[in-house]
Peer 1: 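Next up is a structure, given as structure tokens.
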Protein chains: 2
Amino acid sequence: MEMVLEKQVKALSERTLRRLPRYIEILKRLKSEKIEFASSNMIADELGLDSIQVRKDLAATGVIGKPKLGFAIDELIFGIKHTLNWDNQTDAFLVGAGSLGSAILGYKTFSDHGLNIIAAFENEPSKVGEIINHITVLPIEKLSDMAYRMKVHIGVITVPADEAQKVADMMIEGGIKAIWNFAPVHLKVPDFVIVENAQLSHSLGVLTHKLAESLK
Amino acid sequence: MEMVLEKQVKALSERTLRRLPRYIEILKRLKSEKIEFASSNMIADELGLDSIQVRKDLAATGVIGKPKLGFAIDELIFGIKHTLNWDNQTDAFLVGAGSLGSAILGYKTFSDHGLNIIAAFENEPSKVGEIINHITVLPIEKLSDMAYRMKVHIGVITVPADEAQKVADMMIEGGIKAIWNFAPVHLKVPDFVIVENAQLSHSLGVLTHKLAESLK
DNA sequence: TTTTTATCGATATAAATATATCGATAAAAT
DNA sequence: ATTTTATCGATATATTTATATCGATAAAAA
Ligand SMILES: NC(=O)c1ccc[n+]([C@@H]2O[C@H](COP(=O)([O-])OP(=O)(O)OC[C@H]3O[C@@H](n4cnc5c(N)ncnc54)[C@H](O)[C@@H]3O)[C@@H](O)[C@H]2O)c1
Ligand SMILES: NC(=O)c1ccc[n+]([C@@H]2O[C@H](COP(=O)([O-])OP(=O)(O)OC[C@H]3O[C@@H](n4cnc5c(N)ncnc54)[C@H](O)[C@@H]3O)[C@@H](O)[C@H]2O)c1
């Protein structure tokens with residue numbers, strides 16, 4: 001299986017990036033059914049998308065399809081994962097081992113998605129020392145220093161909204177380069193820091209609005 | 001405070017819908033600082049957006065600004081909430097009271113966002129009967145029937161991926177009209193059912209890709 | 001009272017994203 | 001060996017989304 005991955009890859013829009021994991025999902029299912037090639041049409045049908053869009057998205061991964069057959073599934077999964085950098089794991093710290101934080105710590109699948117949470121941090125003394133899914137909860141005071149020494153690049157924020165900026169600042173002080181933020185606040189960070197907001201209320205807003213419209 | 005909300009509201013794009021909750025966040029903070037009017041510029045600055053875009057988004061809520069002053073904050077919060085249908089609560093059932101499901105059940109803020117989870121359902125007998133944040137966990141067998149009888153319109157899916165379609169089918173059988181899906185699968189539903197996917201891995205993919213790019 | 005000013009909101013332009021068209025190609029069928 | 005076929009991928013068009021321009025307006029200043 002030859003992988004031509006260093007091929008010049010086109011620019012990736014955020015919308016394309018968000019669709020790529022969905023392709024993996026379908027491809028894995030097809031693979032489990034012993035299917036070896038998937039056409040853009042098959043994928044598009046499964047996901048209710050347009051096959052042209054699928055082809056364009058896949059082009060961005062650099063994987064080449066075969067006329068009449070489509071894309072070799074193994075190669076395509078590999079290519080998508082590579083594009084997302086899911087073929088590597090990046091070390092991460094999580095801050096706020098509350099209910100959402102614990103759910104994330106306990107979720108094994110993120111390690112398939114490039115995220116290796118190696119420690120959690122808390123300001124609540126009673127939680128410090130806990131171990132959740134083999135991950136130890138440490139005192140928040142150690143965050144910056146440890147991030148710096150261990151060259152941790154990703155920080156996950158699951159503290160209450162009014163603590164989030166403070167935590168982000170500590171992360172950045174520790175050299176963290178990308179923040180996955182679950183707190184419902186807009187974080188102010190320097191340009192060189194990437195922030196990705198995973199705010200459930202945004203998604204919920206779309207749902208409640210559409211539902212209200214549909215019931216009108 | 002006069003609210004002209006039934007004014008003809010323009011079509012709302014999904015991207016606008018996703019920004020609206022962010023405006024509420026900023027407006028609430030300004031309000032807590034005793035500020036009464038917010039200009040599109042102030043809001044845009046806080047969120048790193050363009051003020052024209054803010055004005056366009058706000059226009060979609062039907063709220064009218066005042067020259068030189070901007071938007072009356074109280075009225076604007078009200079208008080945005082109305083647009084999202086966050087000024088009503090819709091009853092919802094959650095299925096899968098595992099770690100993510102429990103975090104959602106325990107999160108009080110969703111009731112400010114139009115979601116009133118009134119029961120949870122499980123197929124794991126040991127979990128049935130539990131009470132999480134005043135919400136009782138019931139056996140999954142009762143889902144369709146109760147949804148139908150209680151006219152529940154929203155279903156939240158937090159079961160493992162390979163159970164999600166089955167659960168969605170039961171919800172639809174029970175007359176549920178909108179599904180908030182946290183399982184990493186594309187649900188197949190009839191046209192009249194709204195599905196909003198809250199898939200964390202999509203967000204994570206954007207993060208890991210951008211981080212890899214930035215470190216190149 | 002008149003002038004200045006900040007901001008809105010309508011309209012226009014630009015950019016990004018999605019969809020359509022079609023020739024090229026390799027597999028399968030004849 | 002030749003033809004047919006499904007699919008790719010490049011290029012072109014359409015749609016959606018974001019950004020820019022500018023006259024109108026109401027508040028504040030002169
Ligand atoms: N639970 C959910 O379903 C949910 C949904 C959407 C958003 N969120 C957001 O996620 C965040 C966490 O929510 P949660 O429900 O897990 O809350 P939680 O209260 O259960 O957990 C927050 C944790 O952060 C810790 N913490 C607080 N300040 C800290 C600090 N300065 N340093 C280190 N740790 C600190 C607390 O001790 C606590 O354990 C909040 O911002 C919330 O708005 C949660
Ligand atoms: N935990 C996370 O941080 C996280 C993150 C992203 C996505 N997810 C997704 O959310 C879903 C739940 O994840 P989790 O970590 O809470 O898993 P979990 O195993 O803790 O919880 C799943 C729950 O669903 C119940 N269940 C299973 N089949 C059921 C059925 N047919 N009817 C009713 N209940 C059923 C189980 O008994 C269990 O309690 C999964 O699809 C997962 O991929 C979770």
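Order of the sequence lines sets the chain letters (A, B, ...), proteins ahead of strands, with each chain counted from 1. The analysis underlying the following values was restricted to heavy atoms, covering all of them including side chains, and did not include hydrogens, waters or symmetry mates.
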Peer 1: State whether the side chain of B:T61 and the backbone N or O of B:T83 hold a donor-acceptor pair below 3.5 Å, judged by distance alone.
Peer 2: no
Peer 1: Without decimals, in angstroms, what is the distance between B:I43 CD1 and C:dT7 P?
Peer 2: 12 Å
Peer 1: With the side chain of A:S13 defined as its heavy atoms from C-beta on, choose the nearest nucleotide among C:dT17, C:dA28, D:dG9.
Peer 2: C:dT17
Peer 1: Using a strict 4.0 Å threshold on nitrogen-to-oxygen distance, state whether A:R29 and A:E25 make a salt bridge.
Peer 2: no
Peer 1: Hey, are A:K28 and A:E46 close enough for a salt bridge, meaning a charged N less than 4.0 Å from a carboxylate O?
Peer 2: no
Peer 1: Which listed nucleotide (C:dA18, C:dG9, C:dA20) is nearest to the side chain of A:R19?
Peer 2: C:dA18
Peer 1: So does A:L84 get a backbone contact from the side chain of B:T208, meaning a donor-acceptor N/O pair under 3.5 Å?
Peer 2: yes
Peer 1: Paired with D:dG23: which nucleotide, if any, by Watson-Crick or G-U wobble criteria at under 3.5 Å for both distances?
Peer 2: C:dC8
Peer 1: In whole Å, what is the span from the CG atom of B:D50 to the P atom of D:dT21?
Peer 2: 11 Å
Peer 1: Rounded to whole angstroms, how far apart are CG on B:N41 and P on D:dA20?
Peer 2: 13 Å
Peer 1: When you measure from the side chain of A:S40, which nucleotide among D:dC8, D:dT19, C:dG9 comes out closest?
Peer 2: D:dC8
Peer 1: Take the protein atom CD of A:E36 and the nucleotide atom C1' of D:dT7, then report the distance between them rounded to whole Å.
Peer 2: 18 Å
Peer 1: Given C:dT19, D:dA18, D:dA27, which nucleotide is nearest the side-chain atoms of B:K66?
Peer 2: D:dA27
Peer 1: Given atom CG of A:L49 and atom C1' of C:dA20, what is their separation to the nearest angstrom?
Peer 2: 17 Å
Peer 1: Find the partner of C:dA16: check Watson-Crick (N1-N3 plus N6-O4 or O6-N4) and G-U wobble (N1-O2, O6-N3) distances, both under 3.5 Å, and reply none if neither fits.
Peer 2: D:dT15
Peer 1: Nearest to the side chain of A:L69, which nucleotide is it out of C:dA28, C:dA18, D:dT25?
Peer 2: C:dA28
Peer 1: Could you state the CD-P distance from B:Q53 to C:dC8, rounded to the nearest angstrom?
Peer 2: 14 Å
Peer 1: Please give, in whole Å, the distance from C:dC22 P to A:I52 CD1?
Peer 2: 12 Å
Peer 1: OP1 or OP2 of C:dT17 versus the side-chain N and O atoms of A:R15: is any pair under 4.0 Å?
Peer 2: no
Peer 1: Looking at C:dA20, D:dC8, D:dA18, which one has an atom nearest to any side-chain atom of B:K56?
Peer 2: D:dA18
Peer 1: Among C:dA28, D:dA20, C:dA6, which nucleotide sits nearest the side chain of A:K68?
Peer 2: C:dA28
Peer 1: Mapping B:R55 and A:P67 to their closest nucleotides on DNA chain C, which lands nearer the 5' end?
Peer 2: B:R55
Peer 1: Taking A:T158 for its side chain and A:V95 for its backbone only, find out whether a donor-acceptor pair lies under 3.5 Å.
Peer 2: yes
Peer 1: When the distance from CG of B:L76 to P of C:dC8 is rounded to whole Å, what number comes out?
Peer 2: 10 Å
